[in-house]
Undergrad: 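Quick one: structure below, then a few questions.
Predicted, not measured: the structure shown is a model, and the values here were computed from it. A, B, ... follow the sequence lines: proteins, then strands. Residue 1 opens every chain.
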There are 2 protein chains.
Amino acid sequence: MADIDTSPARIVTAMGERARAAADALAGLPTAAKRAGLHAAAAAIRAAAEQILAANAEDVARGEAAGLSPALLDRLRLDPARLGAIADAVEAVAGLDDPVGAVIDSRTRPNGLVLTRVRVPIGVIGIIYESRPNVTADAAALCVMSGNAAILRGGSEALASNRALHAAFVAGLADAGVTMDAVQLVPVADREAVGAMLAASGVIDLIVPRGGKGLVARVQAEARVPVLAHLDGINHVYVDGSAEPDMARRIVLDAKMRRTGVCGAMETLLIDRTFPDAEGLVGALVAAGCEVRGDAALAAATGIAVADAADWDTEYLDAIASAALVDGVDAAMAHIARHGSHHTDAIVAADEAVAERFLAGVDSAIVLWNASTQFADGGEFGMGAEIGIATGRLHARGPVALEGLTTYKWIGRGAGQVRG
Amino acid sequence: MADIDTSPARIVTAMGERARAAADALAGLPTAAKRAGLHAAAAAIRAAAEQILAANAEDVARGEAAGLSPALLDRLRLDPARLGAIADAVEAVAGLDDPVGAVIDSRTRPNGLVLTRVRVPIGVIGIIYESRPNVTADAAALCVMSGNAAILRGGSEALASNRALHAAFVAGLADAGVTMDAVQLVPVADREAVGAMLAASGVIDLIVPRGGKGLVARVQAEARVPVLAHLDGINHVYVDGSAEPDMARRIVLDAKMRRTGVCGAMETLLIDRTFPDAEGLVGALVAAGCEVRGDAALAAATGIAVADAADWDTEYLDAIASAALVDGVDAAMAHIARHGSHHTDAIVAADEAVAERFLAGVDSAIVLWNASTQFADGGEFGMGAEIGIATGRLHARGPVALEGLTTYKWIGRGAGQVRG
């Protein structure tokens, strides 16, 4: 009997071959067929609720035994309401506009050749994620709706949940006549599977990591495949001297404290030295339960602790903020250029010229005027969902949803033109 | 005296720092300032014609002594007419629409937040190229016009020419008040400089290789920086049974023979078994001086040599073509899926339904109906110029010019909105 190669690389390659064939089929599916597949997948998830919740209970029990933190266990845990929300989200994606086939532009050349640029799926998307089982269904739905095949690799702590969700999802697809190979789950739970995916140039067209900084950093460092991701969200709110103090307070509080663990949360507050109520602003954060670490001047003025050098480069993801007094918008922009992570930065200002200077000059995926950084979210952008937020400079920036999962091709229709 | 680190990595890092500062400055330049810089660069190239041609004569003499092929020497050689064309091309780029600041889309959210997506430069572009000194000026002009800083690394065989062209170009920029650091030439001629550029993640945002397959393959294999490129142009023309024979002949001859060494040249001819004049089509190629290697059936029917298995995967870039009889459009598409390189493929057909099936189903950057594959060119697409043709699936596909050298950012303008 011949040896069978069961290495992660071989498994990923074999999955990639099936995924490529599925991607070719998905690329040609009409919108209605993709929608029917997703509605059937959502129905199958609802129908399999008992099995999925039982599988999840296994994962949670294993996680508790292994001493996972309460925060991780909470992310892992499903209940009927959360599972219903997962099915709802799949149906919501089915309701989005299909990006495939959209004409980006069209031109008729002097020789009569008609050129159109049309959106097409990227092909095979690899999603590498941690603990939250909802990513299994979310990512699968976004890939199917955008005509891409998905290869999913969830965290080992959620393996039973992901398997049960995945089984229901693809059973639903199959019911509606969509190939089950459209969404595959990597069967191996060890870290070598991630390495094999990252090395799968030509097999996987794009990798999207969803998870903590350790995971994203590893993916970015090792990947031989293009990656859409953000590593840090060191987001700033700059309060200009012209800002209306009540608005500034409302935005700063929301940007930091609405949810402190999201990538769009403010980490550093920059206050124009001419802003009349720096003390009130800092006091409001402190009163809301936020630890504020200030530069020397602000600390002296308000009695908060003094920040150390590392604070300006730290994404706390917690009820902590750094804060500094700066000399106007140019100093704020210089601070952001030095310490920011090109994610989301905001200005609060009544002076439109100052605001436009900031919006033009800050090199971040999202720049906001008089709005909270916590709007950094595909849903808030009207995308209906998101596969992630990208801070790289190629392909897509900011919240990425269906359109970001497409590329385009050029179609030329002629009447016998030659270059001659 | 301390040791000075003159390793290629250190040199590239130092250039990258200057380039980043230049990119920040370029990103904010109004269109008129960039145009003035390019016109001054073109004028400086014309003014320095004597020095540039003398430097080029050195390169050519060195190349002759080193035994470079006549084809390489021809690519390397400048004369007053070619140098004038280089300056003209810089001025042509100055006349193109500025992509920076263009609004891609705009939406007002239910909460009143106004989101616009605006094109911005990518940042620092690395161009790695061979022998043709014109790339020095072309690439520099495209980068400057799109607001990007360029780090150029030309071939060692053209070093004196590139230095002279670069010196004139940046002197022109400086005359017009544009920073000379906008366009830098890597001073080291060895291959380690290429390696340092390919490893310069975070320093260089995008690498564009321009040259032969060896160079592109190395860049794609080693780069830790995103790459825009095409490796092969194994382009097909499929002649459907419904094709008008005269049109088919005209297109096939142009696609193969207009210029055989360009990436848009046809390499494989696929003829529907029901096409009435396969013999005439092959005969026309042969009469035009093309060696045609056929599958068994076509070879038997026309007396041409029989292709071997490798022919279907070969980019000849010469007056050679492979040719096969196929059973209709689906068989042609299957052949292209198996052997193509996702560059440019064309169908000649009178039957519109068949043509649309081909245009939708062939997964290439450019798909054409009743037109020659040699239209694969940024100029022919109305882009005014091109930095290259990309066959990857991310960011940009097909001819890449100014727009492909930009990314975007999201700008949100609010009135105090919080997520709450």
Undergrad: Non-hydrogen atoms of chain A under 4.5 Å away: do they reach the side chain of B:A223, the backbone, both or neither?
TA: backbone
Undergrad: Assess whether atom CZ of A:R119 is packed by more than 12 heavy atoms of other residues, nucleotides or ligands within 6.0 Å.
TA: yes
Undergrad: Please identify, among A:T406, A:D377, A:L206, the residue contributing the most non-hydrogen atom pairs under 4.5 Å to chain B.
TA: A:D377
Undergrad: Heavy atoms only, distances under 4.5 angstrom: which of A:Q220, A:H342, A:E222 has the most pairs with chain B? Name it, please.
TA: A:E222
Undergrad: Mind ranking B:A255, B:A365, B:A396, B:S201 by heavy-atom pairs under 4.5 Å with chain A and telling me who comes out on top?
TA: B:A365
Undergrad: How many angstroms lie between atom CZ of A:F381 and atom CZ of B:R117, to the nearest 0.5 angstrom?
TA: 10.5 Å
Undergrad: Which atoms of B:R250 come close to chain A, meaning under 4.5 Å heavy atom to heavy atom: side chain ones, backbone ones, both, or neither?
TA: both
Undergrad: Any salt bridge linking B:R413 with A:E356? Criterion: basic side-chain nitrogen under 4.0 Å from a carboxylate oxygen.
TA: yes
Undergrad: Quick one: does B:D254's side chain have a donor or acceptor within less than 3.5 Å of a partner on A:V418's backbone?
TA: no
Undergrad: How far does OG of A:S364 sit from CD1 of B:I411, to the nearest 0.5 angstrom?
TA: 11.0 Å
Undergrad: Chain B heavy atoms under 4.5 Å from A:P110: which part of the residue, side chain, backbone, both or neither?
TA: neither
Undergrad: Against chain A, label B:V362 side chain, backbone, both or neither, depending on which of its atoms sit under 4.5 Å from a heavy atom there.
TA: backbone
Undergrad: Of the non-hydrogen atoms in A:Y408 and B:H395, which two are nearest, and what is the gap between them?
TA: CE2-O, 4.1 Å
Undergrad: Below 4.5 Å from any heavy atom of chain B, which atoms of A:D246 appear? Answer side chain, backbone, both or neither.
TA: neither
Undergrad: Who wins among B:R107, B:R224, B:M247 for the most heavy-atom pairs under 4.5 Å with chain A?
TA: B:R224
Undergrad: Could you tell me whether the side chain of A:I122 reaches within less than 4.5 Å of the side chain of B:L394, counting heavy atoms only?
TA: yes
Undergrad: Select one option (side chain, backbone, both, neither) describing which atoms of B:E244 are under 4.5 Å from chain A's heavy atoms.
TA: neither
Undergrad: Could you state the interatomic distance from CG (B:L113) to CD (A:E380), rounded to the nearest 0.5 Å?
TA: 8.5 Å
Undergrad: Which answer fits B:N111, side chain, backbone, both or neither, if we ask what part of it has an atom under 4.5 Å from a heavy atom of chain A?
TA: side chain
Undergrad: Is B:D24 in contact with chain A via its backbone, its side chain, both, or neither, using a 4.5 Å heavy-atom distance?
TA: neither
Undergrad: State the CG-CZ distance between A:D363 and B:R20, to the nearest 0.5 angstrom.
TA: 8.0 Å
Undergrad: In terms of heavy-atom proximity below 4.5 Å to chain A, should B:L115 be classed as side chain, backbone, both, or neither?
TA: side chain
Undergrad: Quick one: CH2 on B:W410 to CZ on A:R397, what's the gap to the nearest 0.5 Å?
TA: 12.0 Å
Undergrad: Under a 4.5 Å heavy-atom cutoff, which of B:V120, B:V114, B:D205 has the most pairs with chain A?
TA: B:D205
Undergrad: Only pairs of heavy atoms separated by less than 4.5 Å count here; which of B:G392, B:G264, B:A221 has the most with chain A?
TA: B:A221
Undergrad: Roughly how far apart are B:T344 OG1 and A:K409 NZ, rounded to 0.5 Å?
TA: 12.0 Å
Undergrad: With respect to chain B, which residue among A:L368, A:T407, A:V367 yields the maximal number of heavy-atom pairs within a distance under 4.5 Å?
TA: A:V367
Undergrad: Among B:L253, B:T373, B:L359, B:I366, which residue forms the greatest number of heavy-atom pairs with chain A at distances under 4.5 Å?
TA: B:L359
Undergrad: Under a 4.5 Å heavy-atom cutoff, which of B:G28, B:P226, B:A415, B:G398 has the most pairs with chain A?
TA: B:A415
Undergrad: Is it the backbone or the side chain of B:R419 that comes under 4.5 Å from a heavy atom of chain A, or both, or neither?
TA: both
Undergrad: Could you check whether any side-chain N or O of A:R393 sits under 3.5 Å from a backbone N or O of B:V124, counting only pairs where one atom can act as donor and the other as acceptor?
TA: no
